[in-house]
2 protein chains.
Amino acid sequence: MTVPLPPAGAAFLLAQLGAHAAARYGERVAALDLTPAQTGLLRLVMTEPGLNQRDLATRLGVGASTAVALVDGLESRDLLERRRGPHDRRLHALHLTDAGTRAMAEVRTVAMDHDADMTAALDDDERRTLVALLRRVADQQGLPPGVHPGYRALRRQAR
Amino acid sequence: MTVPLPPAGAAFLLAQLGAHAAARYGERVAALDLTPAQTGLLRLVMTEPGLNQRDLATRLGVGASTAVALVDGLESRDLLERRRGPHDRRLHALHLTDAGTRAMAEVRTVAMDHDADMTAALDDDERRTLVALLRRVADQQGLPPGVHPGYRALRRQAR
DNA sequence: TATTGTTATACTCTATAACTATA
DNA sequence: TATAGTTATAGAGTATAACAATA
C-alpha cells in the first residue's frame, strides 16, 4: 500500500536550500533594520539611479502599490529620495541618499558574510564548481541575473 | 558615490533558484489540484502512517491550527482520514486513503518530471555532482532530509 | 484619452489565543 | 492540571481597483 518515495533530488534540495538561504539572509539584514525586499530595491536603484517607480515595480516583480509602500518606508528613513522628473512631472526618479549608499555598503558586507557561511561546507574549488553549475541552471531556466522574482517580502523579524 | 556590487554568489543563486523551483513545483501540483504544502503533508503521512496532528505540525514547521486546516481540506476530499486513537481518544492518527495513495503516485511522477526539467542544463555527471554538493551544504547547514521548513503554502493557482 | 503614482479595499496565509474533550 | 485538537480572531503581505495629477 506504500508508494516508494524518490530520494530528494536536485529540485527539492534547491527549494529547501533556497528557502533556508533566504531566511538566513532575512535575519542578517534585519540586524540593519531592513527587509530582503528593501535591500533588493536599494540595490536596483543603486545600479540604475533615476529609475522611476513603474519600472522599479516591473523589475522587482511586484505591483505598483507595493512599490509605493516600499519606497515610502525607505524615503521616510532618508535612505532613498524621490525627485520629480523635470521633463515629465508625473515621474518620480529614484535616487539613493548618502545614508542609503552607506547602508548598501553594510548590506554588501552582510551579503558576503552570508555567502561564506552558506558555503562553509565547501572548499574553494568546490564552491566555484557549485556556482558554475548553478549559473548554468539559472541561465537555462531563464532567470535574470541580479534580481529574483518569486520571493515576496519575507516575514519581518519580531524583535 | 557608487559602491561596487559583488557578483551573484552561491547564496543568491540558491535563493533565486530555490524560489523558482518552488514556484514551478507549485504550478505542477496545482494541475493535480494540490498545493505544495498539501503534498508535503501527504508525503509525511505516507512515510509515517498513524502520525498525530501535533507531531505533524511540528515536523511541518507550522502551527497547530494550520495543520487542522490542511488536514480538513485533504479529509474532505477523501485523500486522508483521521482515526481516533483507541488508547488515547484525544489523538487523531492520520492515514492516507486509497485515493490519497493514488494521488501521491501522481505527485511522485510530477516531482520526477520537475526534477528532470530543473536540471535540463546538466548532463548526468554534472547532475550527480550538483546533488552531492547540495547535500553536503544542506547537511552542514543542519537541514533535515525530506521536509523543508521555510516555505509556507505558496499561492494557490488561479484557474 | 493614456499614464504615473497614490490611496482604498479585499483576500490569502499565518500565528495567537480562547475553548472542548479527554486524560 | 495538562494535552490534542478545534475554532475564532487578528495581523502581515499582496493584489485589484478606484482616484488624482500630468501628459
Side-chain angles (χ1 to χ4, degrees), chain A residues 19 22-23 26 29-30 33-41 45 50-76 80-95 148-159, chain B residues 19 22-23 26 30 34-41 45 50-76 80-95 148-159:
Chain A
V29 297
D33 210 9
L34 292 170
T35 64
Q38 287 175 322
T39 66
L41 194 164
V45 172
L51 200 67
N52 69 53
Q53 289 184 205
R54 177 175 176 69
D55 291 343
L56 175 83
T58 302
R59 295 284 293 276
L60 244 38
V62 300
S65 57
T66 301
V68 171
L70 283 168
V71 172
D72 280 350
L74 293 168
E75 190 178 42
S76 71
L80 195 68
E81 62 177 355
R82 293 170 160 109
R83 297 187 198 155
R84 277 284 178 194
H87 302 71
D88 185 339
R89 291 177 44 73
R90 289 174 304 186
L91 295 175
H92 276 169
L94 302 174
H95 295 268
H148 61 82
Y151 280 122
R152 303 306 175 220
L154 293 180
R155 198 148 323 286
R156 184 181 306 276
Q157 287 299 107
R159 190 63 58 83
Chain B
L34 292 170
T35 64
Q38 288 175 323
T39 66
L41 193 165
V45 172
L51 200 67
N52 68 55
Q53 289 185 205
R54 178 177 175 68
D55 290 344
L56 175 83
T58 302
R59 295 284 293 278
L60 244 37
V62 301
S65 57
T66 301
V68 170
L70 283 169
V71 171
D72 280 350
L74 293 169
E75 190 178 43
S76 72
L80 194 70
E81 61 177 355
R82 292 170 160 110
R83 297 186 196 155
R84 278 285 179 193
H87 303 70
D88 184 338
R89 292 178 43 75
R90 290 174 304 183
L91 296 174
H92 276 170
L94 302 175
H95 295 268
H148 63 82
Y151 281 121
R152 303 305 175 220
L154 294 181
R155 195 150 324 286
R156 186 181 304 275
Q157 286 300 106
R159 191 69 56 83

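Just so we're clear, the structure is a prediction, and the values are computed from it rather than from any experiment.
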Could you check if a side-chain atom of A:Arg82 sits within less than 4.5 angstrom of a side-chain atom of A:Leu94, using non-hydrogen atoms only? yes

Notebook entry, point to check: Is any side-chain heavy atom of B:Leu41 closer than 4.5 Å to a side-chain heavy atom of B:Leu80?
Noted result: yes

Taking D:dT6, C:dT6, C:dG5 as options, the one with an atom nearest any side-chain atom of A:Ala64 is C:dT6

A:Leu70 atom CG is separated from D:dA15 atom C1', nearest whole Å, by 14 Å

Rounded to whole Å, CZ of A:Arg82 lies from C1' of C:dG5 at a distance of 8 Å

Checklist entry - Would you say a side-chain N or O of B:Ser65 is under 4.0 Å from OP1 or OP2 of D:dA8? => result no

### Query
Should B:Val71 and B:Leu56 count as side-chain neighbours, where that means a heavy-atom distance under 4.5 Å?
yes

Letter by letter from the 5' end, nucleotides 18-23 of chain D scores (B base, S sugar-phosphate only, - none; protein heavy atoms under 4.0 Å) ---BBS

Rounded to whole Å, the CG-P distance (A:Leu60 to D:dG13) equals 15 Å

Donor-acceptor contact below 3.5 Å, side chain B:Arg83 vs main chain B:Ala93: no

Between CG of A:Leu94 and P of C:dT4 the distance, given in whole Å, is 14 Å

Here the distance between atom C1' of C:dT3 and atom CG of A:Asp55, to the nearest Å, is 12 Å

d(B:Gln53 CD, B:Leu70 CG) to nearest 0.5 Å is 10.0 Å

Between CD of B:Gln53 and C1' of C:dT22 the distance, given in whole Å, is 15 Å

Residue set satisfying salt bridge (Lys or Arg N to Asp or Glu O under 4.0 Å) with B:Asp55, at least two apart, ordered chain then number -> none

In whole angstroms, the gap separating P of D:dA4 from CZ of B:Arg54 amounts to 4 Å

In whole angstroms, the gap separating P of D:dT7 from CG of B:Asp72 amounts to 7 Å

